Each structure stands twice: as structure tokens, then as C-alpha cells.
Protein chains: 2
Amino acid sequence: MSGPKLLRKDRPPPKRPQDPDGTRRDILETASREFAMNGLSGARIDEIAARTKSSKRMIYYYFGDKEGLYLAALENAYRTVRDGEAKLETDGLPPPQALRKLVEFTFDHHHEHEDFIRMVMIENIHHGQYLEGSDVIRRLNVTAIDNIASIYRRGVESGDFRAGLDPLELHWQVSALCFFNVSNRATFSKIFSRDMGDVEHQSRLRKNAVEMVLRFVSAQG
Amino acid sequence: MSGPKLLRKDRPPPKRPQDPDGTRRDILETASREFAMNGLSGARIDEIAARTKSSKRMIYYYFGDKEGLYLAALENAYRTVRDGEAKLETDGLPPPQALRKLVEFTFDHHHEHEDFIRMVMIENIHHGQYLEGSDVIRRLNVTAIDNIASIYRRGVESGDFRAGLDPLELHWQVSALCFFNVSNRATFSKIFSRDMGDVEHQSRLRKNAVEMVLRFVSAQG
DNA sequence: GTTGACAAACTAACTATTTCGTACATAGTG
DNA sequence: CACTATGTACGAAATAGTTAGTTTGTCAAC
């Protein structure tokens, strides 16, 4: 489960009685799950400590207090997801296909990272006040615009897309469709007695999201 | 602020030392604000009690426990919003204009009812488990589909809309665009250092949402 | 290479509050 | 007088955070 980074010093330690990096990571991962599951006030420090290989004292040792731990978990969530997104490559493709790929990728990616979605929801409940103090997160996200901005620019130049749209707003629309798909699945499914998370619905909703964005930016229409 | 229902008995009581209906309503409204603001575990019974004209004792008297109060607040939120939505009239309009009006109305309505949005977010964090036991809420929502379903059907008949779309999925897309606009405004604004809630952005996002839905259902394209 | 000092990593038990919920007593109402 | 509505005070459990002390690693000096 844990691969301690080799090649850092001569001896890769097989079992350390003291393992600051490992302990820190273990706490952070456990806390991330608990916060994503229960929210900031819903998560319990004692519960997190119990699920950790470490102890409550260590949580305070490394993260100061509950809010410090929450912020670390929030940054962790953004980092994990944005790192994954960096793998998307669309440079070679014609703009419409590139945009299609981006939407499909975003849709799938959000779908696969429910904990991230939940953390963002939770942070929005708190009016983004913890995110506010984190330059880390801002940096991670601002670059996420570059991709869609470049695709859009190419699309306008090639005549496939209409001009006058704002890449940030485009990103907003894509996010809305993909985010909502995960964030509101529970209430939506229960209200309408349909499991919106099953493969059939997901495949249709994914197709819809793509069509919606493509038709929106399309030059003809 | 409080209009006690007249015409029920001869005398509308001007000042009652004991006022069960008023007390109940006062508690519910206060609780609704607090839960919307802080979530289920974040809200404090003592805090709610303090903001009430009444006392903590009365909360337990009328709502049993914290979860009972939360459920009442959740139902209250859905009821308030769906009651407002019932005012929308689109029967006379040609389908594209009817759909436009529906999207604009939903967009504005969500925008004006942030507390409702927050309650739905909170309930989704809890995997919709409280909503599950509430037939009240299900009933309120299922009828919300009728409107959009009827517009869509008329649109297909008139040749304005393409066939083969699912009204529930259409409702999903509209909801996504309008819901996200409120739910994720905080984090989005802070990450990109733009106030997405100001009038200019809102007006553009609203226009985008309408165009997106109309282009999506359009027969040509 | 052994030692000893110092810092980092870690353990266990404890505390001060907060927070939900309740008993008990009282006042209005029909 | 029975029943509903309400005020006051209290209690038990949960919860964030701490105090005090122990073990482990590092590294320079001998």
C-alpha cells in the first residue's frame, strides 16, 4: 500500500519506528476521507485518529488544529484531481474533437473523484473561506483554463466555433454539467426514483453534456 | 412579517400569550436559516433557540430532536421554492419561447433562493438520507417535471425540437446550469478572482444557459 | 566506534467546553 | 379540570485541544 520513496538516501528503510512522512500522509489520507464524508463540523478528530495508524496527538503535531487539517485535506483533494487532469492531451486534435475529448474527460474525471466533488461542495458551504487563504489551490486551477482557452482559440480560427465567447465561462458551463452530475445525484435519484448513477443514465448524460457544449460553441446554429 | 390565517375563526387573535402556530413557524424559519448557513452538524440547537422568540424546550416539544428539525427545515425549503415555481405560466407561448422562459425563470429563481440551494447541497452531502423518508418532498418535485415535459412535447410536435430526448434529462441539464451557478459561486469566484455573482457575469451566464438549452433541443444543428 | 547531547517523532492520560437532550414546574385554554 | 403550551435549570456524553513525559534518530566530539 505504501511505497516509501527510494533513491533519496542510500538505504531505503524497510520498517521505520519513526516515519514522519508516512505518518503525515497516513493522517492526511484518512482525514481526507472523513472530511469528504462528513464535512468540516461533521468529521470527528477522535474518529480520524482512530482510523489512523497514528494518534490524535500526532494530528495536532503535524496540522495544528482541526481547521489546519481540513485545509490540508482540501488542498490535497485539489492537487490530486488537477494532477490527474494534467494528463489530458488535446493539442493534435481538430478543435471540435478536442473539445469533445475535454468534456468527456472532465465528465469521467469528476465521476471518478466523488470525494473531490464532495470537498468542493463542503468548501462552498463554507463560502470558500478556507480556500481563500490557499495560494496553492489558486495556482492549480488557473492553469486549468489554459487548455480550454487554447482549444477555443483554435476553434475560432478554424471557423468551427463562433467568436465572442469567454473561455472562463465555457469552463464554467462544462464544470456545471459535469459537477452537478456527481454533486446532486443523491437527491435527484431519490426524488425521481431513478438511479442516475447507473451506466445507462451516465452514458446518456455524458453524451448530452458533450452535445450541449459542442452545439453551444458551434459556428452554425 | 407574520400574517395569521384569518377567516378560520371569528376572531383573529391580536396577541396571544400562547401561540402554537406562531411559535412553530418562528422556530422553523430560524432553524431553516441556521441549517442552510451551517449544515446539519454545523448548526447548533442552542444557537437556534437563542435566535428564536421561543426556547430550546419548544424546539424539542414541536420537532422531537435535531434531525426532526432538520427534516422539517428541508421540507420547508422545498415547499417554499416549489410553491414559487408553480407561478410560472408557459402554456400560451410557442415552445422555444416557453423553454426560454422556463430556463430564465429557473435561473432567476435559484439565484434568489440561495438558502434552498444550500439546503439541497447539504442534503446531498448526507446522501439524501433525510429526504428519503419524506413523501412530501417527492410529491412536490415530481410535478415539476410536468411543465418541461409538456413544453418539450409541444416543441417536438411543432417541429422546433428534435425528438428522442428525455424530459427528465432535460430537467437535469437545466438544473445543472442553474444550480451550479449558485452552489459553486464561492469557490469559482475565489479561484479565478472574479465575482461571478455580480450583475454583468450573471446576465452573461443566464444568456449562456438559455442558449445552451435551446441549441441543445433545437431540431436544426 | 562509542558516547552524549539535542531535536524530532511519538504515547498516554487528562481537561475544559460545548452540545444535545431532559426533568420538573408553571401558565394559559377550552 | 384535563390538556396543551411554555420557562428554567440541569445532566450526560461528546469533542477539540493540551500537558507531561518517552522513545528514536542524528551528528559532532572524543
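What you see below is based on every heavy atom in this structure, not just the backbone, and it leaves out hydrogens, waters and symmetry mates. None of the values given here were measured: they were computed from a predicted structure. Order of the sequence lines fixes the chain letters, A, B, ..., with proteins taken first and strands second; residue numbering starts at 1 for each chain.
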### Query
Taking for each residue the nucleotide of DNA chain D with the nearest heavy atom, is it A/Gly64 or A/Arg44 whose nucleotide lies nearer the 5' end?
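Looking at DNA chain D, the more 5' nearest nucleotide goes with A/Arg44.
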### Query
Taking for each residue the nucleotide of DNA chain D bearing the nearest heavy atom, is the 5' side occupied by B/Arg24 or by A/Lys66?
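Residue closer to the 5' terminus by nearest nucleotide: B/Arg24.
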From [options], pick the nucleotide closest to the side chain of [X]?
X: B/Ser54; options: D/dG7, C/dG21, D/dG17; value: D/dG7
X: B/Thr23; options: D/dT18, D/dT6, C/dT19; value: D/dT6
X: A/Arg57; options: C/dT19, D/dT15, D/dA20; value: D/dA20
X: B/Ser55; options: D/dA5, C/dA9, D/dT8; value: D/dT8
X: A/Tyr61; options: C/dA12, D/dT6, C/dA8; value: C/dA8

### Task
Check if the side chain of A/Lys56 and the base of D/dG17 share a donor-acceptor pair of N or O atoms closer than 3.5 Å.
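Per atom types, the contact qualifies.
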Check whether the ring centres of [X] and [Y] lie less than 6.0 Å apart, and answer yes or no.
X: B/Phe116; Y: B/Tyr78; answer: yes
X: B/Phe192; Y: A/His171; answer: yes
X: B/Phe180; Y: A/Phe180; answer: no

Rounded to the Å, how far apart are [X] [atom1] and [N] [atom2]?
X: A/Asp65; N: C/dA16; atom1: CG; atom2: P; result: 20 Å
X: A/Asp46; N: D/dA13; atom1: CG; atom2: P; result: 16 Å
X: A/Ile48; N: D/dT15; atom1: CD1; atom2: P; result: 12 Å
X: A/Met58; N: C/dA12; atom1: CE; atom2: P; result: 11 Å
X: A/Ile59; N: C/dT11; atom1: CD1; atom2: C1'; result: 14 Å
X: B/Ile45; N: C/dT22; atom1: CD1; atom2: P; result: 11 Å
X: A/Leu69; N: D/dG17; atom1: CG; atom2: P; result: 10 Å
X: A/Tyr60; N: C/dA13; atom1: OH; atom2: C1'; result: 15 Å

### Query
Between B/Tyr62 and D/dT6, does any side-chain N or O lie under 4.0 Å from OP1 or OP2?
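Affirmative; the distance criterion is met.
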### Query
A/Phe63 near the nucleic acid: base, sugar-phosphate alone, or nothing, with a heavy-atom cut-off under 4.0 Å?
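Counting heavy atoms under 4.0 Å across all strands, no contact is made by A/Phe63.
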### Task
Quick one: label B/Ala49 by what it contacts on the DNA or RNA (base, sugar-phosphate, nothing), any heavy atom closer than 4.0 Å.
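Here B/Ala49 touches no strand at all.
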### Pairing of A/Arg82 and A/Glu85 as salt bridge, 4.0 angstrom limit
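Salt bridge: yes.
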### Query
Hey, are B/Arg33 and B/Asp115 close enough for a salt bridge, meaning a charged N less than 4.0 Å from a carboxylate O?
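Here B/Arg33 does not pair with B/Asp115 in a salt bridge, since their nearest N and O are not under 4.0 Å apart.
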